[in-house]
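Residue indices begin at 1 and follow the sequence shown.
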Amino acid sequence: QESTTTTTTPPTPTPTAAASSVRWTVPPSYRRCSESSPYRVSNFGATAPTPEITIEFWARVDSIDQNYPITLDPSPGDGTNRIAVHISYSGGGKSSASTGSVIWDFGDWHTTGRLSYAETEKSPGVWIHHAFVASQAANNMQIYRNGALVASKSSMGPFTRGDYDLLLGRFNGELAEVRFWNTSRTASQIATNMNHYLVGNEPNLVLHLPFQESTTTTTTPPTPTPTAAASSVRWTVPPSYRRCSESSPYRVSNFGATAPTPEITIEFWARVD
């Protein structure tokens, strides 16, 4: 799922139970992002988690800049009702610095809906796992970096739902394993699961985007499989695809050892230049 042929977000694949047992230190696959071409999830604001929410993802930024990996902002510039994350951030634009700010906005950031911290470790070119929590029940907001709590505060303000689009990856760098939960995840849950694929049917998981466009390792990552709900979607052209080049094929290592034989069927969609 590297590119889409429709304006509607295609069903998100989720790894199998076997894949969820794989542990990694950096995400084995990711999406290359550009600040001018974000990934859009249409109308996500209508069902966005509130007043309990956890957002998790892996990211590797090119530089300290105005990096927006997560943006759901009905009225940009207003800031009274939004879900937004800034990482390795510099309000003045691109910087040669090695650290920036991380900002978590949920609800009205002018009042109780903002939490931030200043990075103390280098960020550009480094894979980092980020997690952001807001809870009305606990009346707090939290930020985790690589599974460790780095910022927290008492008070929060819930987000008001509406037909708003979620934009992902408004920065130059890579984004992987985006997860939205409609609960406030614990420190243990975040640290335990940050290095694993999800099965896809975990309780309270409302959005999961593994982003398997490019790989960080030479080993092919576990193949995602659509959920039962996704299998009911019917299309006339495939909603997502891989752009190919005769000089850069996609390799499945050692497939010949288990290739189907003597009975076999091969299927695919293709559009040649």
Practice item. Search all heavy atoms of S184 against all heavy atoms of A134 and return the closest pair with its distance. Key: CB-O, 4.4 Å

Check your understanding: I143 and V85: same hydrophobic cluster, using ILVMFWY side-chain contacts below 4.5 Å?
Key -> yes

Practice item. Answer yes or no: is there a donor N or O on one side and an acceptor on the other, between the side chain of K153 and the main chain of T112, under 3.5 Å? Key: yes

Practice item. Start with the C-alpha distance between V206 and T47, add both sets of side-chain angles, then the distance that settles side chain to side chain contact (heavy atoms under 4.5 Å, CB included), and finish with yes or no. Key: CA-CA 9 Å; V206 297; T47 57; over 6 Å; no

Check your understanding: With a 4.5 Å heavy-atom cut-off, do L72 and R82 have their side chains touching?
Key -> no

Exercise for review: Enter the distance from N195:CG to N146:CG here, rounded to the nearest 0.5 Å.
Suggested key: 8.5 Å

**Study point:** Matching residue for E119 among S98, S101, S88 - test: side-chain hydrogen bond (donor to acceptor under 3.5 Å, both in side chains)
**Key:** S88

**Study point:** Reported OG-to-CG distance for the pair S135 and N140, which is rounded to 0.5 angstrom
**Key:** 5.5 Å

Check your understanding: Between the side chain of N81 and the main-chain N/O of T160, is any donor-acceptor distance below 3.5 Å?
Key -> yes

Review point. Checking side chain to side chain donor-acceptor pair (under 3.5 Å) for the pair S188/T186: CA distance, chi angles, key distance, verdict?
Key: CA-CA 5 Å; S188 176; T186 66; 4.9 Å; no

Check your understanding: Any link between L115 and I103 through a network of hydrophobic side chains (Ile, Leu, Val, Met, Phe, Trp, Tyr) touching at under 4.5 Å?
Key -> no

Review point. Nearest heavy-atom pair of I83 and A48: which atoms, and what distance?
Key: CD1-CB, 4.1 Å

Exercise for review: Kindly indicate whether the side chain of N193, heavy atoms from C-beta on, has any atom under 4.5 Å from the side chain of R185.
Suggested key: yes

Point to revise | Aromatic contact, Y144 with F132 (centres under 6.0 Å) | key: no

**Study point:** Residue of the set Q189, H130, H208, H129 for which side chain to side chain contact (heavy atoms under 4.5 Å, CB included) holds with E56
**Key:** H129

Practice item. Apply side chain to side chain donor-acceptor pair (under 3.5 Å) to N43 and D163, showing your working. Key: CA-CA 5 Å; N43 298 321; D163 292 332; 5.5 Å; no

**Study point:** Common cluster, I87/W109, ILVMFWY with side-chain heavy-atom separation under 4.5 Å
**Key:** no

Check your understanding: So, does S90 use its side chain to make a donor-acceptor pair with the main chain of I64 at under 3.5 Å?
Key -> no

Review point. How about F44 and L207: do any of their side-chain heavy atoms sit closer than 4.5 Å?
Key: yes

Point to revise | Heavy-atom pair of closest approach, residues R161 and T50 | key: NE-CG2, 3.6 Å

Study note, to complete from the structure: Interatomic distance, OG@S29 vs CD@E177, rounded to 0.5 Å, equals 6.5 Å

**Study point:** Under 3.5 Å donor-acceptor, T111 side chain and D108 backbone
**Key:** yes

Practice item. Please step through side chain to side chain contact (heavy atoms under 4.5 Å, CB included) for the pair F171 and Y89, ending with a clear verdict. Key: CA-CA 10 Å; F171 70 100; Y89 181 79; over 6 Å; no

**Study point:** hydrophobic_cluster_shared for I190 and W104, side chain cutoff 4.5 Å
**Key:** no

**Study point:** R32 and E174 ion-paired at < 4.0 Å
**Key:** yes

Study note, to complete from the structure: Interatomic distance, OH@Y68 vs CG@D105, rounded to 0.5 Å, equals 10.0 Å

Review point. Less than 4.5 Å apart, any side-chain heavy atom of V41 and any of L209?
Key: yes

Revision key, fill the gap. So CD1 of I55 and CG of L168: to nearest 0.5 Å the spacing works out to 9.0 Å

Point to revise | Short side-chain to backbone donor-acceptor contact, T183 and N204, under 3.5 Å | key: no

Revision key, fill the gap. All heavy atoms of D65 vs all of G93, minimum pair found to be OD1-C, 3.2 Å

Exercise for review: Tell me, please, which residues at least two apart from S152 pass side chain to side chain contact (heavy atoms under 4.5 Å, CB included).
Suggested key: Q142, L149

Review point. Is a side-chain N or O of E202 found less than 3.5 angstrom from the main chain of V199, in a donor-acceptor match?
Key: yes

**Study point:** Non-hydrogen atoms of M156 and P51 that approach each other most closely
**Key:** CE-O, 3.5 Å

Check your understanding: Step by step, would you call F57 with M194 a side chain to side chain contact (heavy atoms under 4.5 Å, CB included)?
Key -> CA-CA 8 Å; F57 58 86; M194 58 181 271; over 6 Å; no

Review point. Between E121 and R145, which heavy-atom pair has the shortest distance, and what is it?
Key: O-NH2, 3.6 Å

Check your understanding: Does any non-hydrogen side-chain atom of V26 lie less than 4.5 Å from one of W24?
Key -> no

Review point. Can N172 and S34 be said to form a side chain to side chain contact (heavy atoms under 4.5 Å, CB included), step by step?
Key: CA-CA 5 Å; N172 294 321; S34 166; 4.1 Å; yes

Check your understanding: In terms of the angle between their ring planes, are F159 and F106 parallel, tilted or perpendicular, with boundaries placed at 30° and 60°?
Key -> tilted

Exercise for review: Report the distance from atom CD1 of I53 to atom CE of M141, rounding to the nearest 0.5 Å.
Suggested key: 9.5 Å

Exercise for review: State plainly whether one hydrophobic cluster holds both L166 and Y39, where clusters connect Ile, Leu, Val, Met, Phe, Trp and Tyr through side-chain heavy atoms under 4.5 angstrom apart.
Suggested key: yes

Check your understanding: Going by atom types alone, do D78 and T80 pair a side-chain donor with an acceptor below 3.5 Å?
Key -> yes

